[in-house]
Amino acid sequence: MKAVVQRVASASVEVEGRTVSAIGPGLLVLVGLHDSDADSDADYICRKVMQRNYEVLLVSQFTLYGILKGNKPDFHVAMSPDRARPFYASLVEKFEKSYRPDAVKDGVFGAMMKVNLVNDGPVTMQLDSLQPSN
């Protein structure tokens, strides 16, 4: 599992012109699911991301596992949508249970989303559960 974590002054997700989630100061977390991901990968990402004083906005983004073959993207190592939907839902639940449920928001899985953010810093970190750093 990969995550791109950005500290933000604010962030929101729009779907079809409607804001579906928004946070104030916090962390925007773009999450890519690998075909081989398991609960242990979700545990690792959740443990590394959680910050007690921030809101968290989770956004699924399979393109984090995109590979360019020539000029064409290939996503064959990303988890298939039928498996990724329930896995992503369990990740959101894991964040809610290990943190404050009211502080965890998410986008709409599989939807065309507009992600708006105001970077704070900027601070951007990349996490990869297949290459853990404690």
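Predicted, not measured: the structure shown is a model, and the values here were computed from it.
Among all heavy-atom pairs drawn from Lys48 and Leu127, the shortest one is CB-CD1, 3.7 Å. Nearest heavy-atom pair, Phe75 versus Thr63, reported as atom, atom and distance to 0.1 Å: CE2-CA, 3.7 Å. Nearest heavy-atom pair across Ala9 and Asp120 is N-CB, 3.7 Å. Considering all non-hydrogen atoms of both residues, Phe109 and Ser60 come closest at CD1-OG, 3.5 Å. Taking each heavy atom of Ala3 and Val29 in turn, the nearest pair found is CB-CG1, 3.9 Å. Of all heavy-atom pairs between Asp74 and His76, the closest is OD1-N, 2.9 Å.
Atom CG in Leu33 sits 7.0 Å away from atom CG in Leu91 (nearest 0.5 Å). Here the straight-line distance linking atom CG of Asp128 with atom CD1 of Ile45 works out to 7.0 Å at 0.5 Å rounding. We find the CZ-OG distance between Arg85 and Ser90 to be 13.0 Å, quoted to the nearest 0.5 Å. Note that CD of Gln61 and CE of Met113 are 8.0 Å apart. Values are rounded to the nearest 0.5 Å. Cys46 SG to Glu96 CD: the interatomic distance, rounded to the nearest 0.5 Å, is 10.5 Å. Distance OG/Ser10 to CG/Leu117: 8.0 Å, rounded to 0.5 Å.
One hydrophobic cluster, built from ILVMFWY side chains closer than 4.5 Å, holds both Val115 and Val15. Taken together through direct or relayed side-chain contacts under 4.5 Å among Ile, Leu, Val, Met, Phe, Trp and Tyr, Leu30 and Tyr88 form parts of separate hydrophobic clusters. Cluster membership for Val92 and Leu64, using ILVMFWY side-chain heavy atoms within less than 4.5 angstrom, is not shared. Under a hydrophobic-cluster definition in which Ile, Leu, Val, Met, Phe, Trp and Tyr are linked whenever side-chain heavy atoms come within less than 4.5 Å, directly or via other members, Val108 and Phe62 are assigned to different clusters. There is a path of hydrophobic side-chain contacts, each under 4.5 Å, that joins Tyr54 to Met50.
The main-chain N or O of Asp106 is found under 3.5 Å from a side-chain atom of Ser21 such that the two form a donor-acceptor pair. Judged by distance alone, with hydrogens and angles left aside, the side-chain atoms of Asn119 form no donor-acceptor pair with the main-chain N or O of Gly121 at under 3.5 Å. Side-chain N or O atoms of Glu55 include one that pairs as donor or acceptor with a backbone N or O of Gly24 at under 3.5 Å. Formation of a donor-acceptor pair under 3.5 Å by the Ser129 side chain with backbone atoms of Met1 is found in this model.
Considering only heavy atoms from C-beta on, Val49 comes within 4.5 Å of Phe95 through its side chain. Two residues are said to be in side-chain contact when any heavy atoms from C-beta on lie closer than 4.5 Å; Val77 and Asp35 fail this criterion. Leu58 has its side chain within reach of Val104: a pair of non-hydrogen atoms, C-beta onward, lies under 4.5 Å apart. Counting heavy atoms from C-beta on, the side chains of Lys2 and Tyr65 come closer than 4.5 Å. Inter-residue side-chain proximity for Gln6 and Val123 is flagged as unmet; no heavy-atom pair is nearer than 4.5 Å.
Of the options Asp41, Asp39, Asp43, a salt bridge (Lys or Arg N to Asp or Glu O under 4.0 Å) to Lys94 is made by Asp43 and by none of the others.
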Next item on the list: Apply side chain to side chain contact (heavy atoms under 4.5 Å, CB included) to the pair Val13 and Leu57, showing each step before the final yes or no.
Entry: CA-CA 9 Å; Val13 174; Leu57 176 55; 3.9 Å; yes
